[in-house]
Amino acid sequence: MLDSAPRVVIVGGRFGGLAAAKALRNTDVRVVLVDRQNHHLFQPLLYQVATSVLSPGQIASPIRNILRRQLNTTVILGEAVGVDLDRRCVFVDSADREGVALNYDYLVLATGASHSYFGHDEFARFAPGLKSLADAVSIRNHVLRAFEQAEAEEDPKRHRDLLTFVLVGAGPTGVEMAGALAILVRATLRAEFRRVDPASARIVLVDMAPRVLGSFAESLSAAAQARLEHLGVEVRLGHAVDLIDADGVIVAGERIASKTVVWTAGVAPSPAGKWLKAPTDRAGRVRVQPDLSVPGHPEIFVIGDTASLDQDGRPLAGVAQVAMQQGRYAGRTIHRRISGKLAQPPFRYFDKGTMAVVGKGFAVLQTGRLRLSGFLAWLAWAAVHLEFLGQSSLRVSVFVQWVWLYVTGQRGSRLIVNHQGPLRHDSPSIVFHEPS
Ligand SMILES: Cc1cc2nc3c(=O)[nH]c(=O)nc-3n(C[C@H](O)[C@H](O)[C@H](O)COP(=O)(O)OP(=O)(O)OC[C@H]3O[C@@H](n4cnc5c(N)ncnc54)[C@H](O)[C@@H]3O)c2cc1C
């Protein structure tokens with residue numbers, strides 16, 4: 001690769017960024033992909049790490065390993081902290097250097113989203129969200145530790161708080177997590193404790209919306225709610241959480257005492273809009289042109305959860321398929337410009353459908369006019385998720401684990417891993433309230 005070849009800097013190496021990089025595989029460019037994590041993470045299965053079904057290594061792979069055969073691409077572990085539009089460079093902090101300028105001819109920002117606590121950032125301390133592997137492992141540690149503490153606790157009055165799990169947000173993540181937790185406590189852990197009955201654990205799913213899975217058809221929301229209730233999950237809808245503190249949550253004036261609250265509600269965009277001083281939507285996502293470029297900057301593309309684009313009068317959802325299709329589109333646009341070819345037609349998202357799984361052997365699926373719930377939908381869910389895992393080794397390992405879980409009820413990864421000593425919590429970024 002010639003040093004004079006145009007340089008494409010991609011920030012973010014998950015669904016959007018990776019798809020953009022792969023689309024430039026055969027283009028005469030130097031690609032530099034920057035991510036603050038060294039791994040690509042399959043977020044749709046993150047809840048399975050948090051509930052001990054899978055281990056972190058089964059849903060994530062090193063980005064440089066995925067791109068090892070793509071010789072025009074260099075992977076840098078670092079955090080982008082700003083963009084100089086005039087000098088055309090991105091500033092990157094790494095382990096031992098700050099503000100290193102990376103020049104670009106084309107820039108693709110695919111920096112995703114983070115948690116939004118709807119103006120209540122004070123909740124974050126008591127109700128961590130689920131976005132990264134560290135979040136998932138920390139939640140797993142906390143859930144498993146709650147059972148250990150309850151077993152060691154001689155005062156039965158304290159068992160109730162320890163074994164009450166509250167999930168705030170009844171979108172796909174909250175619903176999937178609640179279903180998986182219900183199976184964990186009622187099936188896997190059931191026979192292993194002597195002083196407490198894990199099956200008596202209370203799982204409460206709270207949302208201010210009138211139904212679970214609000215982005216799905218009403219019939220599927222109803223099916224998912226019925227399934228959750230069948231699994232013993234308490235579904236509390238129509239009220240926002242008023243307060244989250246060390247003792248639990250207050251919903252509609254009622255306190256639910258709990259030592260484990262997980263936030264699965266809002267998302268906040270990355271600061272890319274601020275770096276670019278570009279127009280954003282109300283949620284802070286960068287408003288992009290129909291070709292995914294930033295107004296006034298045809299050399300900069302913003303894609304995936306960081307971008308805001310309407311299609312048929314409605315904003316595109318923050319889902320993996322949108323990010324992947326936009327990544328491919330941005331990569332192809334850069335390829336065509338460099339090769340002197342005509343521009344592509346405006347980006348158009350092809351919706352392949354959405355799914356959510358609710359416990360064992362049950363999912364809801366909607367695609368086009370098809371609405372399906374039950375075992376068949378679950379089989380489709382399993383097949384699609386295996387296909388999108390990305391690497392054959394992960395597919396085999398997750399498939400075997402799922403079959404094992406289905407047949408025996410036993411989970412793959414029920415270890416409490418402490419990185420700071422036997423009785424300390426492991427992730428400094430997530431502060432769960434310690435049961436006192
Ligand atoms: C728990 C959970 C479950 C989900 N389940 C589903 C599902 O079932 N189906 C579905 O379609 N979608 C699902 N989603 C949504 C889906 O994961 C996102 O829409 C998708 O990941 C967006 O891809 P992206 O590439 O835009 O951003 P992301 O996947 O968020 O990737 C952003 C990348 O940018 C990196 N990054 C961020 N800021 C910086 C920076 N400053 N410098 C360097 N690197 C940076 C991050 O480390 C990350 O690797 C789920 C999301 C979550 C959190």
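Order of appearance sets the numbers: ligands from 1, and atoms from 1 within every ligand. Quick note: residue numbers are just sequence positions, from 1.
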*Examine ligand 1 and decide if any of its atoms is less than 4.0 Å from a heavy atom belonging to Trp275.*
yes
*Distance from Leu24 atom CG to Thr73 atom OG1, nearest 0.5 Å?*
7.5 Å
*With a 4.0 Å cut-off on heavy atoms, does Gly78 reach ligand 1?*
yes
*Numbered atoms and elements of ligand 1 in range of Gly318, under 4.0 angstrom, heavy atoms*: 15 (C), 19 (O)
_Identity and distance of the protein heavy atom lying nearest atom 36 (N) of ligand 1_ = Arg36 NE, 3.8 Å
*Compare Asp35, Val11, Ile303 and give the one whose heavy atom is closest to atom 48 (C) of ligand 1.*
Asp35
*asked:* Please tell me whether Trp381 and Trp402 form a close aromatic pair, meaning their ring centres lie under 6.0 Å apart.
replied: yes
_Judged on heavy-atom distance to atom 52 (C) of ligand 1, which of Met177, Gln43, Arg14 sits nearest?_
Gln43
*Atoms in ligand 1 flagged as close to Gly304, the criterion being non-hydrogen separation under 4.0 Å*: 26 (O)
*Measure up the His115 and Tyr117 rings against each other and bin them: parallel (under 30°), tilted (30 to 60°), perpendicular (over 60°).*
perpendicular
*Thr306: heavy atom below 4.0 Å from ligand 1, yes or no?*
no
*Looking at residues at least two apart in the chain, or sitting in another chain, which of them share a side chain to side chain donor-acceptor pair (under 3.5 Å) with Arg371?*
none
_Protein heavy-atom partner closest to atom 27 (O) of ligand 1 - residue, atom, separation in Å_ = Gly112 CA, 3.2 Å
*Select the closest option to atom 32 (C) of ligand 1 among Ala110, Gly12, Pro271, Ala317, judged by heavy-atom distance.*
Ala110
*Would you call Ser270 a ligand 1 contact, heavy-atom distance under 4.0 Å?*
no
*Can you pull out the closest protein heavy atom to atom 10 (C) of ligand 1? Residue, atom name and distance to 0.1 Å, please.*
Ala320 N, 3.6 Å
*Relative to the heavy atoms of Leu130, which atoms of ligand 1 are at a distance of less than 4.0 Å?*
1 (C), 53 (C)
*Are any of the N/O atoms in Gly16 less than 3.5 Å from those in ligand 1?*
yes
*Identify the closest protein heavy atom to atom 42 (N) of ligand 1: which residue and atom is it, and at what distance?*
Ala80 N, 2.9 Å
*Atoms of ligand 1, numbered as shown, that sit under 4.0 Å from any heavy atom of Thr173*: 1 (C), 2 (C), 3 (C)
*If you take all heavy atoms of Asn103 and Val9, which pair is closest and at what distance?*
O-CG2, 3.6 Å
*Return yes if some donor-acceptor pair links the side-chain N/O of Arg414 with the main-chain N/O of Leu144 below 3.5 Å, else return no.*
no
*Starting from the C-alpha separation in whole Å, work towards a yes-or-no answer on side-chain hydrogen bond (donor to acceptor under 3.5 Å, both in side chains) for Ser221 and Arg211.*
CA-CA 6 Å; Ser221 293; Arg211 58 190 176 99; 2.6 Å; yes
*ring-ring contact (aromatic ring centres under 6.0 Å, His included): pairs with one or both residues in residues 8-33, sequence neighbours excluded*: Phe15-His40, Phe15-Phe42
*Would you tell me which option among Ala323, Ala307, Gly174, Ala356 has the nearest heavy-atom contact to atom 24 (P) of ligand 1?*
Ala323
*Could you tell me which non-hydrogen atom of Phe147 sits nearest to which non-hydrogen atom of Ala201, and how far apart they are?*
CZ-CB, 4.2 Å
*Once you round to the nearest 0.5 Å, how far does CG of Leu130 lie from CG of Leu133?*
9.5 Å
*Is there a protein heavy atom at a distance of less than 4.0 Å from atom 38 (N) of ligand 1?*
yes
*asked:* Starting from atom 13 (C) of ligand 1, what is the nearest protein heavy atom, named by residue and atom, and what distance separates them?
replied: Pro44 CG, 4.1 Å
*Do NZ/NE/NH1/NH2 and the carboxylate oxygens of Arg64 and Asp35 come within less than 4.0 Å?*
no
*Approximate separation, where rounding is to 0.5 Å, of Ile10 CD1 and Ile63 CD1*: 10.5 Å
*Considering the heavy atoms of Gln37, write down every atom of ligand 1 situated less than 4.0 Å from one of them.*
47 (O)
*Answer yes or no: is there an ion pair linking Arg332 with Asp291, defined by an N-O contact shorter than 4.0 Å?*
no
*For Pro345 and Tyr329, work out which heavy atoms get closest and say how close.*
O-OH, 2.8 Å
*Show which atoms of ligand 1 fall inside a sub-4.0 Å distance from at least one heavy-atom site of Lys131.*
53 (C)
*asked:* Would Asp305 count as a polar contact of ligand 1, with the cut-off being nitrogen or oxygen pairs under 3.5 Å?
replied: yes
_Distance from atom 20 (C) of ligand 1 to nearest protein heavy atom, with residue and atom_ = Phe15 CD1, 3.7 Å
